[in-house]
Amino acid sequence: MNEWDTLIPLVSAARLQAYLNAANQNHEEALELYKINIKLSETVYPFLSIFEVTLRNRIASVLIIKYGENWFNGNGGRWVDESGTSMTSSNDELDQLNKAKAKLNKQGRNVISDNIIAELNLGFWTGMLNASYERTIWHHHLADLFPDVNPPNYNLQRNLRKIRHQVHRIRDLRNRVFHHDPLIVGSYSFQQFLTTYLHGNQLISWLSKDIFRFLISQDIFLKTVEKIPRKHWEFLMPKSCRNFQLIIRNIAFYTDTRYILLECLKR
């Protein structure tokens with residue numbers, strides 16, 4: 001039995017079908033694409049981890065600035081409601097807060113800010129950037145969220161909708177990685193994957209330039225992309241970006257110039 005036939009009962013034909021379609025029904029090529037997907041999922045983890053931790057801590061800092069250490073309780077809960085007057089049981093973020101507090105109580109742990117922050121998932125923190133919180137929170141505190149925005153005169157308020165979209169795309173990428181879904185074939189294209197990664201790098205650099213420096217000292221994702229054999233690129237990228245490997249090789253990896261990749265991906 002060859003390697004492809006061995007994978008079928010273990011991984012499932014349905015999960016492998018996207019790779020087979022991308023490879024024009026060539027089993028050998030589909031298997032290579034599957035292996036590439038695994039390797040990229042592995043190497044993108046530092047980016048996802050650093051993004052999630054930094055975003056949640058920045059947002060939590062804003063909530064503490066605005067509502068105090070007990071931002072998750074009592075009057076501090078006014079942020080849940082756009083009118084700033086009451087809490088509502090239909091609010092997703094409030095529901096998640098209540099579940100987090102109930103879990104801490106059940107475990108006998110203190111219901112304090114640090115424990116609440118650690119208990120809440122990325123969905124909560126990305127939800128805090130939704131339009132319903134623009135007037136109550138982000139109209140006044142976007143600069144606190146992104147203290148290292150570059151260029152400094154970039155209009156965060158005007159571009160909040162775009163930032164929100166990028167953040168939700170990163171959450172989607174995280175979920176796909178954690179659920180072992182395809183990142184380079186099928187409905188989620190390699191082009192979309194790379195664009196999300198690069199936008200996420202930019203957001204991390206705005207959240208904290210120091211954290212961004214730490215990320216690029218640990219991150220090997222682009223180097224992994226660079227090592228993808230040329231013969232596989234025709235299955236991964238549109239013709240307008242077939243010179244993608246050459247672009248990657250010209251990047252000074254430890255500087256912000258990685259964003260020149262976006263020019264290719266916009267085509």
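The shown structure was predicted, so the numbers you read here are calculated from the model rather than taken from an experiment. Throughout, residue positions are numbered sequentially from 1 according to the sequence presented.
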Minimum heavy-atom separation for [X] to [Y], with atom names?
X    : Y    : answer
E69  : F72  : O-CE2, 3.4 Å
G123 : R171 : CA-NH1, 3.5 Å
I170 : G200 : CD1-CA, 3.5 Å
D148 : L207 : OD2-O, 4.4 Å
G127 : H168 : N-CE1, 4.5 Å
V167 : F51  : CG2-CZ, 4.2 Å

Tell me, do [X] and [Y] make a side-chain contact under 4.5 Å, heavy atoms counted?
X    : Y    : answer
Y19  : I36  : no
L122 : R56  : no
I64  : S113 : yes
E29  : N24  : no
L129 : L145 : yes
W125 : I117 : yes
F235 : N26  : no
L48  : V44  : yes

Review point. Of L236, L40, V225, which meets side-chain contact (heavy atoms from CB on, under 4.5 Å) against L194?
Key: V225
Practice item. From the options I50, N201, D219, select the one residue that forms a side-chain contact (heavy atoms from CB on, under 4.5 Å) with F212. Key: N201
Exercise for review: Return the orientation label for the W206 and F146 ring planes: parallel under 30°, perpendicular over 60°, tilted otherwise.
Suggested key: perpendicular
Kindly say whether [Y] contributes a backbone atom to a donor-acceptor pair with the side chain of [X] at under 3.5 angstrom?
X    : Y    : value
N159 : N155 : yes
S49  : P46  : no
W138 : A131 : no
N121 : F124 : yes
N98  : D95  : no
N37  : P182 : no
H179 : N175 : yes
N57  : V53  : yes

Exercise for review: Evaluate the side chain to side chain contact (heavy atoms under 4.5 Å, CB included) criterion for residues R176 and S41: first the C-alpha distance (whole Å), next the side-chain angles of each, then the deciding distance (0.1 Å), finally the verdict.
Suggested key: CA-CA 9 Å; R176 296 187 73 86; S41 295; over 6 Å; no
**Study point:** F221/Y197 aromatic ring centres below 6.0 Å
**Key:** yes
Does [X] come within less than 4.0 Å of [Y], counting only side-chain N to carboxylate O?
X    : Y    : value
R213 : D210 : yes
K101 : E119 : no
E42  : K39  : yes
R161 : E134 : no

Interatomic distance, [X] atom [atom1] to [Y] atom [atom2] [nearest 0.5 angstrom]:
X    : Y    : atom1 : atom2 : result
L20  : L33  : CG    : CG    : 10.0 Å
I216 : I211 : CD1   : CD1   : 12.0 Å
F193 : L173 : CZ    : CG    : 5.5 Å
N150 : S205 : CG    : OG    : 7.0 Å
L97  : D92  : CG    : CG    : 11.5 Å
I220 : T43  : CD1   : OG1   : 5.5 Å

If you group Ile, Leu, Val, Met, Phe, Trp and Tyr by side-chain heavy-atom gaps below 4.5 Å, do [X] and [Y] land in one group?
X    : Y    : answer
I137 : I65  : no
L63  : I112 : no
L156 : M128 : yes

Review point. Run the side chain to side chain contact (heavy atoms under 4.5 Å, CB included) check on I59 and L55 step by step: do they pass?
Key: CA-CA 6 Å; I59 293 177; L55 180 71; 3.9 Å; yes
For [X], does the [atom1] atom sit with more than 12 other heavy atoms under 6.0 Å from it, leaving out its own atoms?
X    : atom1 : result
H140 : NE2   : yes
Y45  : OH    : no
E28  : CD    : no
K35  : NZ    : yes

**Study point:** Verdict with reasoning, W71 to K66, per side chain to side chain contact (heavy atoms under 4.5 Å, CB included)
**Key:** CA-CA 8 Å; W71 56 271; K66 190 168 179 65; over 6 Å; no
Practice item. I would like to know whether R109 and K103 meet side chain to side chain contact (heavy atoms under 4.5 Å, CB included); could you show each step before the answer? Key: CA-CA 9 Å; R109 297 164 62 197; K103 183 175 180 180; 5.7 Å; no
Practice item. Decide whether R169 and H165 meet the rule of one side-chain donor and one side-chain acceptor closer than 3.5 Å. Key: yes
